[in-house]
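No experiment lies behind these values; they were computed from the predicted model shown. Below, each value reflects all heavy atoms present in this structure, side chains not excepted, and no hydrogens, waters or symmetry copies. Letters go in sequence order (proteins before strands), and every chain restarts at 1.
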Amino acid sequence: MLLYDHKEIEAKWQKHWKDNGTFHAQNHSDKPKFYALDMFPYPSGAGLHVGHPLGYIASDIVSRYKRHTGFNVLHPMGYDSFGLPAEQYAIQTGQHPAITTKDNIARYREQMDRIGFSFDWSREVRTSSPDYYKYTQEIFILLFDSWYDNIANKARPISELEFCFRESGTTSINAATTEDLQQFNAAQWNAFTENEKQEILLDYRLTFLANTEVNWCPALGTVLANDEIVNGVSERGGHPVVRKKMRQWMMRISAFADRLLNDLEDLDWSESIKEIQRNWIGKSIGSMVSFKLDGNFPLWGNAAGNGADAIQKDLKIDVFTTRPDTIYGVTFMTLAPEHELVDIITTAEQKQAVEAYKKATSARSERERMADVKTISGVFTGAYATHPLSDEKIPIWIGDYVLAGYGTGAVMAVPCGDERDHAFANHFAEKNGMPEIKNIFEGIDISEEAYAAKDDTKLTNSEFLNGLSYKSGAMAAAIEKLEETGAGKGKTNYRLRDAVFSRQRYWGEPFPVYYKDGLPQMIDRKYLPLELPEVDEYLPTEDGAPPLGRAKEWYWDAVNNKVVANPSLALPKGKGTSSSSEKASFSETEEKSALGYFTAKPEIASTLLERAQEMRKNPTDAEVTLWKELKGKKLEYKFRQQHPIGEFIPDFVCLTRKLIVEVDGKYHEFQIDKDDARTHKLEQKLGYKVLRFTNEQITNSLESVLKKITEALEQRPNFFPGKNEVLPFGKDLGWVGDQNEIYPLELNTMPGWAGSSWYMFRYMDANNETEIFSSEAQEYWQNVDLYIGGSEHATGHLLYSRFWIKLLHDLGKITVIEPFQKMINQGMILGESAFVHKVTMMFPVTAGDKFRNYTKNQIKHLEELNDRFPDLFISSEFYEKNFHDLPTVVELNNEWSFENLKNFVDSIDDSLIDPNILSIGDMKIHSDVSIVDVHNNLNISEFKKWRADFADSDFITEQDRTFKVSREVEKMSKSKYNVVNPDDICDQYGADTLRLYEMFLGPLEQAKPWNTAGITGVYGFMKKLWKLYHDDNGFNVSDEKASPDSMKTLHKTIKKVRQDIEDFSFNTSVSSFMIAVNELTAQKCNNREVLEPLAVLVSPYAPHIAEELWSLLGHKESISTAAFPVFEEKHMVESSKTYPISFNGKMKFTLDLPTDVSKDELEKMVLENDKVQEQLEGKVVRKTIIVPGKIVNFVVG
RNA sequence: GCUCGAGUGGUGGAAUUGGUAGACACGUUGGACUUAAAAUCCAAUGGGUAGUAAUGCCCGUACGGGUUCAAGUCCCGUCUCGAGUACCA
């Protein structure tokens, strides 16, 4: 082969590597290990653009280099293949996400294969594969079966907690929990029922169910994590996000906050990522302080009206402060408007103002509150608290600068030491309830601003703290005193919140969870994976349940341990499970053969009946109203009042349609949790539909209530055809519950970060079918030595995976405490968008009031003209140069004869509009970069083909008939038509050139624009490299000894490239290759002594050409494990060095001077030089600086 | 606002950690080859200025100061851009 043919060479070696498994890593080896990993790609439908492989190329270079230097290298790749885009696509097209995902992965793989990565594909993983998510589910169970022991500072199995409870109750336990939980002793614990015990344990588990305020995105129909929201809208799609209370699985990451913070220290990560994580964790050290409230308060607050005789005594407000040393500076207190005590403590006089303020705050959206941090607002509640140390009366305010979600939602305001408190105090100075600011800093003027510095400033007016300062222990002294008096205690707060783990989505891991009596139960790990069921649509159900609610079979048979159909929709045939998923359609005979079915749970049936009769006697007004409309088949269906179902007594029920109607009284809001659990059970387990209405709805809009009931009745199937009457305890209505052991499965799925939080450990033993990975494999590979990826995962993936790995470590599954020892964050490759300039029409308007100067008819005509303005494009350079003073459409028409334009000008009704006021402007339109050449010339005919709507447009070109586009650097994306596909580059220039050029663009960590034009330089280098080994007759390498110059070039390059790879400075390596090849070409070097090591040197960067040259050099083995050349100093030794000779620091000329002489001799030689004498003529040498090997400098006067 | 990072030719970017600023490449200009284009090769290319020329001088690493024999590099201040964060008590 005479010429360099990248196509043939690259295809040949890619096949060779694949056929020989060249890059399969060994789990047993004497070699030292090296684990290089790229961040998990999500296989999107758009395929890879040239920006994606950047990091993969870098990690591949390091991996190949490490193999050359004797390491056993693990360099795997796989796919984070669960996720929203495939699901959104499924919703739109009905295409199953598994199919889309499979196709996308195939495309990714094809693209990656062309670039020649040394991935070990035998270890590929996909998060959406049941073989993989089986273990994600297993880890979820591990989290469920663990609690966090604050004393041992580690996660421990929940069984150990149960043991502690049995032995000594809560007395010796300090566990990470959401809030202060109920305390009990061993006897009490042992007396609890099994369900009660489980409910208690649920509060301790590392994954737990909680009713929390979540970020609900209605457009996506799901909950989002904090890091999935950017500026108040969803990261994907930019949809609005609202706060909503939902029952969700949570992950107790907060328990690990301190370790996640401390362990950052030893990680070799960029300072900026560490800083982002530190801020996100947000540790603050301080103390809790309780302020007692002055007076007694009615039980439900003044607002409730009745029940006035019930009072609460000894109320207190807890605050968190980082400056307990400023406790004597407390001037007032501020509560978040949402604080639970606000209604209770507000005095009658202030009630109106407080209500109004609360209303105003809640009306403001999160975004508004975020955007507007300058406005100070708040209201005095009229109430006072007592200072815990000085017993002074402290007025209590509410203000929205206090966040309900952080700390306790209340602050002790110290205006002299906190800027926000200071601003608040001044804003309301001299108003009712705002005392004068207390100053506790000696010698500090706080009239203008607060003094927030934590320094040696002494405290004053602070009793026992007088004379102390922040630095000299005031903080510790204050906490000690607070603890002594019981008014507070030292505490550390974190900004990091527990992570919401439930997603109301289809395309994610199913939870291995079913619900029994409303309590979550884990499926035994030996029955995993719990596979994702098929659904008819990827949307929520009509009732708003997640898509899994549509699955025909999504119940857990706890006897046979398998997924089965909804029992309430199936005909139960005696004891045991139902296999039919048909909807119920009883025949007379079948009905009779059904055994022992009840509407109420048999064991408590009689008790329930008694209670029900009792309740029927005391209905509420709303119940009476509704019953009037339901009784006696007024809606065509028989309803029963207070009829026991299962273990509950619903207000109304239609048994044949299994429809329950509940009226929510005023207590509903205090027991939402319980009511929700009850609804859940009735619907999921017993197959009823529950409708809930409030008292107000029934009294105020009975019509619509009845309409909803009627609609629901009609939608429900008839569960008992031919029967309108069902006895409470007859044998004719099915009681399917515990006897069958069939329970509803969790309908939510796991979030995207579940599978990606532990994948780096699966690669160590990816094909293990019996366990997550073998401990031998993990002990050998330890953790990731080099992790390369973008920095956008700083608060998501990179934090969550650290959390999960710490958990697995605590439970003894993993020997390391961190997943990624070193990380490099590659910068984004940006696209160079191309814009064509389109001529637009402009007319003079006054600012702000667009059409004020025109009549109605004129405006109409203008708008019409604007719509009709012909499509006319103008070359950007021409526009820049000649259109500074924007011409009018008339002038334009005079200069250019375009028919469309002429017709347009002729059509202007000059009785309405003077054509001479219409000037032109320009508008930029994205053009596809593939139809623009390197000189920014647009291919006009291609453009017309691409944009058929502009097929008849006219183009104003440059004088040389070219049409220029303008360029702008933007993010590379499909919508900006600036995507460059690596396949095209591989076709034209080859993978080796692509790899080298991506590295050559600049430092890995820096963002930089892609410019395809520049690639010719690298391609030229490849051809020159090839030529070194060839002459006109083909391959020609000589075995003769190389010249010292060539040896010097080689060793200079060896030294540089070795150092560069260690420093991840790949761009400079490529430069030094170019320099080496340029020099060797000039030296006409073709010696094996130089060219053989050179091939190995370039092999990590350009592996295909290196393999080809290596085999041409006569080697049979792949170059991939050839020893990397070693730098030898002896080739660098020189007899002379070119010294810069400078005067007063300014370099004037250079001199070649010997290197083996002393400093004094050097000075002598320099001074003897004519040029030096010339410069020194008539001047006094004040000082001579000679640094051997570096520089000579004369200080002259 | 706060925190972190960065400002070097027309462009991407080098500069051994205080020692010849602009390596390497793109682009541009001129030339060779060619009927022509492409490809390839050669030369010039920070700005200004003097000279027919060889060559020389001045200014130059965002801006203003400083330390030093010597500063893109270290220190102080200012500006601009990028990233993170958003009242965290």
Peer 1: Under 4.0 Å from OP1 or OP2 of A83(B): is there any side-chain N or O of Asn825(A) that close?
Peer 2: no

Peer 1: Considering every strand and a 4.0 Å limit on heavy-atom distances, what is the contact class for Asn279(A): base, sugar-phosphate, or nothing?
Peer 2: nothing

Peer 1: Which nucleotide in the set A70(B), G27(B), G13(B) lies at the smallest distance from any side-chain heavy atom of Lys1008(A)?
Peer 2: G13(B)

Peer 1: Would you measure the distance from the P atom in U68(B) across to the matching atom in C75(B) and give it in whole Å?
Peer 2: 16 Å

Peer 1: Quick one: label Thr1016(A) by what it contacts on the DNA or RNA (base, sugar-phosphate, nothing), any heavy atom closer than 4.0 Å.
Peer 2: sugar-phosphate

Peer 1: Hey, does the side chain of Lys1023(A) come within less than 4.0 Å of U40(B)'s phosphate (OP1/OP2), counting only N and O?
Peer 2: yes

Peer 1: How about Met1165(A): does its CE atom have over 12 heavy atoms from other parts shown lying under 6.0 Å from it?
Peer 2: yes

Peer 1: Side chain of Gln1006(A), heavy atoms from C-beta onward: which of G13(B), U3(B), A70(B) has the nearest atom to it?
Peer 2: G13(B)

Peer 1: Please determine if a side-chain N or O atom of Ser284(A) lies less than 4.0 Å away from the OP1 or OP2 oxygen of A89(B).
Peer 2: yes

Peer 1: Considering only atom C1', compute the distance from U73(B) to C88(B) and round it to an integer number of Å.
Peer 2: 39 Å

Peer 1: Kindly say whether Pro1003(A) contributes a backbone atom to a donor-acceptor pair with the side chain of Lys1008(A) at under 3.5 angstrom?
Peer 2: yes

Peer 1: Would you indicate which nucleotide in A89(B), C69(B), C57(B) comes nearest to any side-chain atom of Lys1148(A)?
Peer 2: C57(B)

Peer 1: Under 4.0 Å, counting only non-hydrogen atoms across every strand here, what does Ile1075(A) touch: a base, just sugar-phosphate, or nothing?
Peer 2: sugar-phosphate

Peer 1: Is the Tyr4(A)-His1030(A) ring centre distance short of 6.0 angstrom?
Peer 2: no

Peer 1: Output yes when at least one side-chain N/O atom of Arg278(A) is less than 4.0 Å from OP1 or OP2 of U85(B), else no.
Peer 2: no

Peer 1: For Asp1063(A) and A14(B), give me the distance from atom CG to atom P, rounded to whole Å.
Peer 2: 13 Å

Peer 1: Report which part of the nucleic acid Thr1150(A) touches: base, sugar-phosphate, or nothing (heavy-atom distance under 4.0 Å, all strands).
Peer 2: base

Peer 1: Does a side-chain N or O of Gln1059(A) approach OP1 or OP2 of U16(B) to a distance below 4.0 Å, or not?
Peer 2: no

Peer 1: Considering only side-chain heavy atoms of Met1147(A), which listed nucleotide, G84(B), U20(B), C88(B), is closest?
Peer 2: U20(B)

Peer 1: Under 4.0 Å: is that the gap between some side-chain N or O of Asn1078(A) and OP1 or OP2 of C24(B)?
Peer 2: no

